[in-house]
Amino acid sequence: MPGLWLMKSEPDVYAFADLVRDGRTHWDGVRNYQARNMMRDGMSVGDLVLYYHSNTTPPHVAGVARVCTEGYPDHTAQDPTSHYHDPKATPEDPRWLMVDIEPVTALAEPVSLGAIKDDPFFEGMLLIQRGQRLSIQSVAPHHFRRVLELGGLDADGLLGGQA
DNA sequence: GCCAACGTTGGC
DNA sequence: GCCAACGTTGGC
């Protein structure tokens, strides 16, 4: 049974369509310990991800992706020319991790943040908690399934019997 | 562009 | 260990 997650990206920076074009990407640049710890301790190969577009109008879930590596050192932390450089990261203590993800499918219909907020079924979902801003979140199976359904996808096909 | 919420840093 | 200052996130 795969783990279920939501990962945020600004579409101007790296949209779901970019992931589809590239076929796979390093999820680099995570500089938050909670998010790092989820990649380190929580994520496994085969986990499914709701790919969320933040800082756009309206914010929305755009697609489904799959985790295809365990967490491993984020090399951009040790690159002085990188926007994500962290002088405290060293080869001995890389400090920050990333995973690779690959696209599974775009949603037939994007599911907007507003639609999620308006649906009482999503009560309790981290995404709509006030003030939360974690870029990687765990998603409950019934919430994940509901997003797929609202997005016009075959939830059973993607999740099997889960939830 | 605004600003609330939150995490991190660093002086003490 | 406290906490003020600061930077970032991200919806609106």
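This one's a predicted model, so the numbers in the text were calculated from it and none came from an experiment. The sequence lines fix the lettering, A, B, ..., with proteins before strands; numbering per chain opens at 1.
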Rounded distance in Å - CD1 (Ile136(A)) to P (dG7(B)):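 It works out to 15 Å between those atoms.
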I'd like a table of atom pairs between the protein and nucleotides 1-5 of chain C - only N or O on both sides, under 3.5 Å - with the distance next to each one.
none

Protein N or O to nucleotides 8-12 of chain C N or O, pairs below 3.5 Å:
residue	atom	partner	partner atom	Å
dT8(C)	O2	Arg133(A)	NH1	2.5
dG10(C)	OP1	Lys8(A)	NZ	2.8
dG10(C)	OP1	Arg133(A)	O	3.0
dG11(C)	OP1	Tyr52(A)	OH	2.7
dG11(C)	OP2	Asn55(A)	N	3.0
dC12(C)	OP1	Lys117(A)	NZ	2.6

What does Arg95(A) touch in the nucleic acid at a heavy-atom separation under 4.0 angstrom: a base, only the sugar-phosphate, or nothing? sugar-phosphate
Tell me every residue that passes salt bridge (charged side-chain N to carboxylate O under 4.0 Å, His left out) with [X], counting only those two or more places apart in sequence or in another chain.
{"X": "Asp119(A)", "result": "Arg146(A)"}
{"X": "Asp22(A)", "result": "none"}
{"X": "Asp18(A)", "result": "Arg21(A)"}

Answer with yes or no whether the hydrophobic clustering places Leu107(A) together with Phe144(A); edges join I, L, V, M, F, W, Y residues whose side-chain heavy atoms lie under 4.5 Å apart.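 Linked within one cluster.
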Are Arg145(A) and Asp156(A) close enough for a salt bridge, meaning some N to O gap below 4.0 Å? yes
Tell me which one of Tyr33(A), Tyr72(A), Tyr84(A) satisfies ring pair (Phe, Tyr, Trp, His ring centres under 6.0 Å) with Trp96(A).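 Going through the options one by one, the only one that passes is Tyr33(A).
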Can Arg66(A) and Glu102(A) be said to form a salt bridge (Lys or Arg N to Asp or Glu O under 4.0 Å), step by step? CA-CA 5 Å; Arg66(A) 183 187 292 112; Glu102(A) 60 190 3; 3.2 Å; yes
How would you list all residue pairs meeting ring pair (Phe, Tyr, Trp, His ring centres under 6.0 Å) that involve residues 111-138 of chain A, not counting sequence neighbours?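 Sorted result for residues 111-138 of chain A: Phe121(A)-His142(A), Phe122(A)-His143(A).
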